[in-house]
Enquirer: 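I'd like to ask you about the structure that follows.
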Amino acid sequence: MPQWQHITYSKEITPALFGQQVTVGGWVQDVRNLGAISFLQLRDRDGVIQVTTLKKRNKELFDLVASIPRESVVRVTGMLKESKEARAGFEILPDKIDILSKAETPLPLGVVDKVGADLDTRLNNRFLDLRKEEIRAIFQIEAKTIEGIRRFLMSEGFIEVSTPKIVAAGAEGGSTLFPIKYFDRGAYLAQSPQLYKQNLMATGLDRIFEIAHAYRAEASDTVRHIAEFISLDVEMAFIESSEDVMAVAEGIVVNSLEHVREHAKVELQKLGLEIEKPSIPFPRVKYKEAVEMVRAAGLSIEHGEDLGTEGEKALGEVMKREKNCDLYFITEFPTALKRGTFYAKRFEDDPETTGYFDLDYKGQEIVSGGQREHRYDVLIEQMKENNLNLDSFDFYLKAFRFGMPPHGGFGFGVERYVQKMLNLGNIREAVLYPRDRSRLIP
Ligand code: ATP
């Protein structure tokens, strides 16, 4: 136990400690008083410990236990004893109970109540919501997901970087930018590290990733958009095509899912979930084929149009039904669709098409990327087509004039990934304190 740890956690209690004195701490989940004996269920980060108080053993402590409101924080010192009745297989007979923080009543949100509260009430009282082990499990799994992603990328020679989140220009179009006041001038919150990660490709730090917040002033209220999301951004140089980039995206998913399966077993169990090993390679569905599949499913969509939420969902259903597959790439997006993405490389022999891809998971886009245009002259032409003010991209463009290798990369929405992995209905469930049009607190 580290010197700064002053309590024993439930997970650390083993039969070897039976008969010894321990100090535990946590929240009072429940107190059951049977007149001569009372059972206090103490919840800590990992589980629940039963504290059993006998009136005849210690009347003062017995009365104290009866007076503690639910969800108060207590520290209990006592003798650890094996118990057939207690769920954990042991109980503590207390000698000392300190109330470290008394909870007010009534609670704004129940912690053990069977009745589910709506998401808004839960988010408004997130600290109480997170006392539920199945809610905490989501974030423990999210942490393991990120750990798995990092490990994989580092093992492949990628370097983790940090780029500015206060920026002068956006990369994804003006409508979703958050303007901010930056000293005596205007600036924006970064929508994506796009321009910086491409800039780094001209430096020798040419295989990089970043895991950081990205900001989008999304106008619509959907279950998959939030204003602040964790973006995993990858960029790599000396590639030959978008296929190289897709291979890395695939590696990230396969390895992080395996990491979660291996290292978050308990948490998955709390959620009643099993994660299947995806088979590789993930199928590649060309955009043109995807449109036909969505049409065949009864949706009206024209070639050149975005598949949209409904289209993606319909495609997800077809892929599941016909290929028993949750993860698949949609490839070869038309240039017209990616026109806003002025940096996408178009096919040499078919400039109407790019190598750009999306990776969809259970009918929802989680990754988008491809090979970028690294030739200065062509890039300038594409930017002009998009009516961009070249002056405001000066720092970005300069790097293309002094030696820029071919490169590509993608943006990968971490919460969307976890949302789909855990079958959560709303992305907000995978965010501790989500930000959206109506939510700025807590
Ligand atoms: P969509 O079409 O679903 O709005 P997008 O095309 O704007 O997404 P990109 O700009 O390509 O998304 O961003 C790459 C990835 O970042 C997306 O695949 C998604 O996983 C994630 N992402 C983008 N915007 C959001 C958002 N508002 N909330 C959560 N995740 C997002």
Side-chain angles (χ1 to χ4, degrees), residues 142 145-146 149 165 170-178 188-195 197-198 209-235 242 245-246 248-250 252-253 256 282 287 290 301 305-313 315-316 327-331 333-334 336-344 354-372 408-421 424-439:
E142 194 158 298
T145 304
I146 293 174
I149 292 172
K165 301 301 154 223
E172 309 291 326
S175 66
T176 64
L177 277 168
F178 279 115
Y188 303 100
L189 292 179
Q191 290 169 317
S192 136
Q194 184 67 33
L195 306 182
K197 61 180 185 166
Q198 284 194 259
F209 73 100
E210 175 166 16
I211 300 173
H213 274 146
Y215 300 90
R216 305 268 170 103
E218 301 282 2
S220 50
D221 185 20
T222 77
V223 295
R224 61 185 211 163
H225 289 100
I226 36 177
E228 180 180 58
F229 68 96
I230 305 171
S231 184
L232 158 66
D233 277 275
V234 168
E235 202 71 24
S242 294
V245 181
M246 284 154 71
V248 172
E250 195 174 88
I252 288 174
V253 171
S256 57
F282 301 163
Y287 165 83
I301 166 174
E305 264 182 56
D306 209 328
L307 295 185
T309 310
E310 288 310 310
E312 283 177 20
K313 211 167 123 194
L315 183 64
L327 284 148
Y328 42 90
F329 288 105
I330 307 171
T331 62
F333 271 91
L337 246 187
K338 291 289 170 193
R339 186 147 286 166
T341 312
F342 58 85
Y343 41 81
T354 70
Y356 260 55
F357 66 85
D358 280 358
L359 172 60
D360 282 25
Y361 191 8
K362 300 178 187 171
Q364 181 170 292
E365 173 200 323
I366 58 163
V367 183
S368 185
Q371 182 168 10
R372 326 292 192 191
F410 52 82
F412 181 126
V414 173
E415 292 107 334
R416 266 201 207 173
Y417 178 40
V418 172
Q419 179 194 358
K420 286 289 143 180
M421 185 193 300
L424 305 173
N426 193 320
I427 191 170
R428 289 162 184 77
E429 294 176 65
V431 186
L432 283 171
Y433 302 101
R435 290 285 171 267
D436 62 27
R437 248 189 125 70
S438 57
R439 194 165 275 285

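Counting convention: from 1, in listed order, for ligands and their atoms alike. Along the sequence shown, residues are numbered consecutively beginning with 1.
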Enquirer: Are any of the N or O atoms of I366 closer than 3.5 Å to those of ligand 1?
Expert: yes
Enquirer: Where does the angle between the aromatic ring planes of F412 and Y417 fall among parallel (under 30°), tilted (30 to 60°) and perpendicular (over 60°)?
Expert: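 F412 vs Y417 ring planes: perpendicular.
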Enquirer: Can you sort out which atoms of ligand 1 are near S368, meaning under 4.0 Å from one of its heavy atoms?
Expert: 11 (O)
Enquirer: Y356 and R372: side chain to side chain donor-acceptor pair (under 3.5 Å), yes or no, with the steps?
Expert: CA-CA 9 Å; Y356 260 55; R372 326 292 192 191; 2.6 Å; yes
Enquirer: When you check the side-chain N and O atoms of Q419 and E415, is any donor under 3.5 Å from an acceptor?
Expert: no
Enquirer: Atoms of ligand 1 less than 4.0 Å from I427 heavy atoms?
Expert: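 Selected atoms, number and element: 29 (C).
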Enquirer: Is the shortest N/O to N/O distance between F229 and ligand 1 below 3.5 Å?
Expert: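 No, since none of the N or O atoms of F229 sits under 3.5 Å from an N or O of ligand 1.
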Enquirer: Side chain or backbone, does G413 bring an N or O within less than 3.5 Å of an N or O on ligand 1?
Expert: yes
Enquirer: Given K420, E218, R224, which one has a non-hydrogen atom that is nearest to atom 29 (C) of ligand 1?
Expert: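 Considering heavy atoms of K420, E218, R224, the nearest to atom 29 (C) of ligand 1 sits in R224.
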Enquirer: Among R416, Q364, E415, R216, which one has a heavy atom closest to atom 9 (P) of ligand 1?
Expert: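 When every heavy atom of R416, Q364, E415, R216 is considered, R216 comes closest to atom 9 (P) of ligand 1.
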Enquirer: Mind checking what makes salt bridge (Lys or Arg N to Asp or Glu O under 4.0 Å) contact with E228, not counting sequence neighbours?
Expert: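 With sequence neighbours excluded, E228 shows a salt bridge (Lys or Arg N to Asp or Glu O under 4.0 Å) to no residue whatsoever.
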Enquirer: Among residues at least two apart in sequence or on other chains, which ones pass salt bridge (Lys or Arg N to Asp or Glu O under 4.0 Å) with R439?
Expert: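 Checked R439 against salt bridge (Lys or Arg N to Asp or Glu O under 4.0 Å); matches are D120.
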Enquirer: Below 4.0 Å, non-hydrogen atoms only: which portion of D358 touches ligand 1? Side chain, backbone, both or neither.
Expert: neither
Enquirer: Output yes when E218 and R224 qualify as a salt bridge under the 4.0 Å nitrogen-oxygen rule, no when they do not.
Expert: no
Enquirer: Need the ligand 1 atom indices (1-based, order shown) with element for anything under 4.0 Å from a heavy-atom of V367.
Expert: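 In order of number, 18 (O).
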Enquirer: Mind checking whether F357 and F329 have ring centres under 6.0 Å apart?
Expert: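 That pair passes the under 6.0 Å test.
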